[in-house]
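Structure record follows, encoded as structure tokens.
Note on naming: letters A, B, ... go to the chains in the order of the sequence lines (proteins, then strands), and numbering restarts at 1 for each one. The basis for the numbers below is simple: all heavy atoms, side chains too, and nothing from hydrogens, waters or symmetry mates.
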There are 2 protein chains.
Amino acid sequence: MTDLVPSQSEQDYLKAIYHLTYGEAKERTGPAALAEWLGFSCASATNMVKKLTERGLATHSPYQGVALTETGEKVALEVLRHHRLLETYLSERLGVPWEKVHAEADRLEHALSEDLEDRIDAALGHPTTDPHGAPIPTKEGIIVAPATQPLATTLPGTTVTVTAVADENPALLTYVADLGLVPGATVEVLRKGPFDGPLHIRIATTEYALGEKVAWAISVMVGSSDASTGVEHESRGTHGKVKRMKAES
Amino acid sequence: MTDLVPSQSEQDYLKAIYHLTYGEAKERTGPAALAEWLGFSCASATNMVKKLTERGLATHSPYQGVALTETGEKVALEVLRHHRLLETYLSERLGVPWEKVHAEADRLEHALSEDLEDRIDAALGHPTTDPHGAPIPTKEGIIVAPATQPLATTLPGTTVTVTAVADENPALLTYVADLGLVPGATVEVLRKGPFDGPLHIRIATTEYALGEKVAWAISVMVGSSDASTGVEHESRGTHGKVKRMKAES
DNA sequence: AAGGAGATTTAGCCGCGGCTAAATCGTAAA
DNA sequence: TTTACGATTTAGCCGCGGCTAAATCTCCTT
């Protein structure tokens, strides 16, 4: 019998595959995207993909891309739960600033026991989203993804509510936080510059021009009234594809 | 230039060397003791000792035993600080039971950033001892060791105060906690059985007979009145040897 | 249909940090 | 003094998870 529990590296790859498929509305990814995401070489990614497939955590045939199996996705969601619970705890209880919690959680997530996970969850009152607005998977591996879209694709003239901000980039986080572009904020989309031009928005009474990268990192919910239609359930085994979040963490 | 920061394995070995020398009033240890402490083979211990010596973290000549250099001890004390701060935090803020905090902290200590260390330290109000009574080194690598002795060597007829309990063994911790033998408790030593016989003690109004192992795991402070003579300063570079704690964590 | 660029895979290397087996040392007992 | 045993060291192996270089495949363009 091979090791029952995936190694830290394996967990990192599973998390990455999850991000690159479920996070971007794609079915499968390739080693190149994985390698870039993790900062490794393509060859390393291919090797690990082969190993994960042998272990039954991913499906992969040569040149056909990778996807997670049910058990692989389950592992990824467990790691993601650890990550987002830690982010929330560090932010709420220890005052770690917004833009730093991701890096801290990345190092701590693999050392978190089930028992501690439960204690943190309880201490926080069973939170459903992390400080960046990303949903926290349940212990059973169910993740509730709000029906959102990137701010970048929002039609000018619309007023929207920010639900989440991708948390990978500290500098970007600091920048958008300064603007008040945090989950819950209301934004009026004014107009879009030509081609890759800036997106003009208004927050409260101030206008800003956002670059492409920033506009894509922000998830928004259209309208602001009806809460019940704002979420859908997404779980392992779901057949009908639902709109998934762009925001990572 | 070699890696600036010791690997997790190296840190574990440094911590072990610290325990086996400073923890037991010995000057040096051998690979055998190290190997047993960590659960590795003697050969592995010898290898690592050689590497630590090359890195300037330990001193070692063949067949002469190992000791930490100043910088090695500094690293060990940093890890120990992480460990004991985490123990305290987990116990105080997340309700992790006494006998489990050691194992949790062992996994988390290597993933703790300096920033988080400071935040935890501040959140706890800069504690000086962990839940088992062991002193927490300062950020500067100074550890204040109370002048204590094992309960096992305490003369019958004496009344002493428990200062610390070795935290490695969960079963033992549960046992002594049940008896009320926690830091701060007052114990009257009644008599010692012959040879390896039990140590009879009284806590409050109840009498107990303790085995050798338990009696050695408990550190006590003789008398209970004068606090100023109860501690001494021990720091890197101290020449005069001071009585050091038996309790580990 | 042919060519070529980029993605993917394979082959083979490396350091880390475990391991066992075998050689060597040092000491305490005969 | 010799011997034997335990502690230490050396030699050499392994899996993990990175890497580079080279081979191969896919697909898009010409």
Side-chain angles (χ1 to χ4, degrees), chain A residues 1-17 20-21 24 26-67 72 75 79 106-107 109-111, chain B residues 1-17 20-21 24 26-67 72 75 79 106-107 109-111:
Chain A
M1 199 58 174
T2 143
D3 252 4
L4 299 88
V5 46
S7 71
Q8 181 162 333
S9 289
E10 288 170 330
Q11 289 179 29
D12 286 338
Y13 274 96
L14 292 172
K15 207 172 46 152
I17 297 172
L20 294 174
T21 54
E24 317 218 327
K26 289 159 62 179
E27 290 293 339
R28 317 181 77 81
T29 343
L34 268 179
E36 160 152 32
W37 183 270
L38 293 167
F40 295 143
S41 72
C42 287
S44 299
T46 299
N47 279 340
M48 183 56 89
V49 161
K50 207 195 311 176
K51 189 205 284 193
L52 292 174
T53 302
E54 283 161 5
R55 287 219 184 181
L57 297 168
T59 59
H60 168 71
S61 22
Y63 300 95
Q64 296 307 119
V66 212
V75 173
V79 179
D106 251 5
R107 269 178 290 108
E109 65 190 7
H110 301 293
Chain B
M1 200 57 171
T2 143
D3 253 3
L4 298 89
V5 45
S7 72
Q8 181 160 334
S9 289
E10 288 170 331
Q11 289 179 28
D12 286 338
Y13 274 96
L14 291 172
K15 206 172 47 152
I17 297 172
L20 294 174
T21 54
E24 316 217 326
K26 289 159 63 180
E27 289 294 339
R28 318 181 76 84
T29 343
L34 225 38
E36 159 150 36
W37 183 271
L38 293 167
F40 296 143
S41 72
C42 288
S44 299
T46 299
N47 279 340
M48 184 56 88
V49 160
K50 207 195 311 177
K51 189 204 284 192
L52 292 174
T53 302
E54 283 160 4
R55 287 220 183 181
L57 298 167
T59 60
H60 169 72
S61 23
Y63 300 97
Q64 295 308 118
V66 210
V75 172
V79 179
D106 251 3
R107 268 177 291 109
E109 63 189 9
H110 300 294

Could you encode protein contacts along nucleotides 11-21 of chain C as a string, one character per nucleotide from 5' to 3', using B for base contact, S for sugar-phosphate-only contact and - for no contact, with a heavy-atom cut-off of under 4.0 Å?
-----SSSBBB
B:Thr46 side, atom OG1; B:Leu34 side, atom CG - distance, nearest 0.5 Å
9.0 Å
Please round to the nearest 0.5 Å and tell me the distance separating atom CH2 of A:Trp37 and atom NZ of A:Lys15.
9.0 Å
Starting at CD of A:Glu36 and ending at P of C:dT8, how long is that distance when rounded to a whole Å?
12 Å
Table of protein N/O atoms under 3.5 Å from nucleotides 25-29 of chain C N/O atoms:
from   : atom 1 : to      : atom 2 : distance (Å)
C:dC25 : O4'    : B:Tyr63 : OH     : 3.2

Under a 3.5 Å distance rule, please check whether A:Gln11 uses its side chain to pair with a backbone N or O of A:Pro6 as donor and acceptor.
yes
Donor-acceptor pair, side chain of A:Ser7 and main chain of A:Glu10, under 3.5 angstrom:
yes
Tell me every residue that passes salt bridge (charged side-chain N to carboxylate O under 4.0 Å, His left out) with B:Asp12, counting only those two or more places apart in sequence or in another chain.
none
What residues form a salt bridge (charged side-chain N to carboxylate O under 4.0 Å, His left out) with A:Arg28, not counting sequence neighbours?
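Here no residue qualifies.
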Apply side chain to side chain donor-acceptor pair (under 3.5 Å) to A:His60 and list each qualifying residue two or more places apart in sequence or on a separate chain.
none
Mind checking what makes side chain to side chain donor-acceptor pair (under 3.5 Å) contact with A:Ser44, not counting sequence neighbours?
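For A:Ser44, the residues satisfying side chain to side chain donor-acceptor pair (under 3.5 Å) (neighbours in sequence not counted) are A:Ser41.
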Would you say A:Thr46 places a side-chain N or O within less than 4.0 Å of OP1 or OP2 belonging to C:dT8?
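So the side-chain polar atoms of A:Thr46 never come under 4.0 Å of the phosphate oxygens OP1 or OP2 of C:dT8.
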Could you tell me whether the phosphate oxygens of D:dT8, OP1 or OP2, come under 4.0 Å of any side-chain nitrogen or oxygen in B:His60?
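No.
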